[in-house]
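Computed from a predicted model, the values in this text were never measured in an experiment. First listed ligand is number 1; within each ligand, the first listed atom is number 1.
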Amino acid sequence: MLVSGLEIAAVLFDLDNTLVDRDDAVRNLARKMYTGVGVTDSAISEESFVAEFVRIDAGGTIPDKRVQMTAVASELSTRVNDADQLLDWWNREYPAAFSLGRPTRLTLGGLIEISIPWGIVTNGSPLQQTVIESLGLHQVASSVVVSSLVELRKPDRRIFELGMSLVAGEIAAGKFLFVGDNPTADIVGASDAGMKTAWVSSGREWAVSGSKPDVVIESVGELTRMISV
Ligand SMILES: [Mg+2]
């Protein structure tokens, strides 16, 4: 197939804020916590609680979620204030907070229809695998690679090479398209591994000098209209 003029035979996708809207999922979780395990008093509005929860989450950059839940308990005065209990709650509720948008489903379905193999390469905890399974993506993707389970992290080129070999070992790196939102981990990393790249900008400007994505898209759904067979 051609993607914006590039000859592409296979695709790898990032997960968070590429295939799924993690920011939205974390807001869903915060709302669920506000009304569920809850707050000690009504001094904080749901809106501020959500905003503070999102701030503490820091875009998912805190590797130890127990540390994060300790901060949630102390800073947000949750009714349940035991970090381990909150951590159990997070692990249980997190995967269900995600959904797959219709435009993304159409893009993935379109690739399957034209027999273009695709897979997922994501950084993060083993919980990423649970998110992928709860969305049913493991049944339709050719492969799924979660950094913590293979002990390699993007932008390490070896994790891209692993993803490519699991999707289609016979296809050259230059015929692979990597689609991701993180300029360094996804785009620079995949490019260093020899892949073509599509950056999910979500309206941002590209700010890494010395390299740039082959394709810029606002969201994954936009790929559908850029593909020709
Ligand atoms: Mg991402």
Side-chain angles (χ1 to χ4, degrees), residues 3 10-30 53-63 65 68 90 94-95 97-101 103-105 107-108 111 118-135 137-138 140-141 143-164 166-167 176-193 195-208 211-223:
V3 178
V11 184
L12 287 176
F13 292 94
D14 165 52
L15 181 66
D16 287 335
N17 294 333
T18 296
L19 288 180
V20 294
D21 187 342
R22 185 182 185 279
D23 297 343
D24 190 52
V26 171
R27 284 191 295 271
N28 287 341
L29 267 182
F53 189 90
V54 167
R55 177 186 59 74
I56 293 169
D57 177 67
T61 51
I62 302 169
K65 293 300 167 208
Q68 187 169 331
W90 170 281
Y94 185 81
F98 286 83
S99 61
L100 205 58
T104 302
R105 268 187 280 136
T107 296
L108 298 177
L111 293 176
W118 58 270
I120 300 170
V121 178
T122 172
N123 280 352
S125 78
L127 207 50
Q128 297 292 78
Q129 183 74 34
T130 317
V131 171
I132 288 163
E133 287 173 13
S134 76
L135 293 168
L137 285 171
H138 63 303
V140 283
S143 84
V144 171
V145 177
V146 176
S147 66
S148 55
L149 300 176
V150 298
E151 292 175 356
L152 292 168
R153 276 180 74 79
K154 295 180 288 185
D156 188 327
R157 64 179 291 156
R158 290 173 299 171
I159 195 170
F160 295 100
E161 288 164 354
L162 176 63
M164 287 189 279
L166 292 173
V167 164
F176 266 87
L177 180 68
F178 194 90
V179 185
D181 70 300
N182 187 299
T184 317
D186 293 325
I187 305 305
V188 175
S191 174
D192 286 347
M195 305 172 74
K196 298 290 188 291
T197 56
W199 180 51
V200 178
S201 73
S202 306
R204 296 166 296 165
E205 290 294 315
W206 181 259
V208 181
S211 74
K212 74 185 191 38
D214 296 295
V215 178
V216 177
I217 49 176
E218 186 84 17
S219 65
V220 167
E222 222 183 287
L223 276 179

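- In summary, no N, O or S atom of Asp186 is located under 2.8 Å from the Mg ion (ligand 1).
- At the Mg ion (ligand 1), the vertex angle linking OD1 of Asp181 with OD2 of Asp14 is 80° (nearest 10 degrees).
- At distances below 3.5 Å, not a single donor-acceptor pair connects side-chain atoms of Thr197 with backbone N or O atoms of Phe178.
- Taking the six-membered ring where the residue is Trp, Phe98 and Tyr94 present perpendicular rings, their angle passing 60° and hence far from 30°.
- Of all N, O or S atoms in Asp16, the one lying closest to the Mg ion (ligand 1) is O.
- Closest of all the heavy-atom pairs between Asn182 and Ala185 is OD1-N, 2.8 Å.
- No more than 12 heavy atoms of other residues, nucleotides or ligands sit less than 6.0 Å from atom CZ of Arg158.
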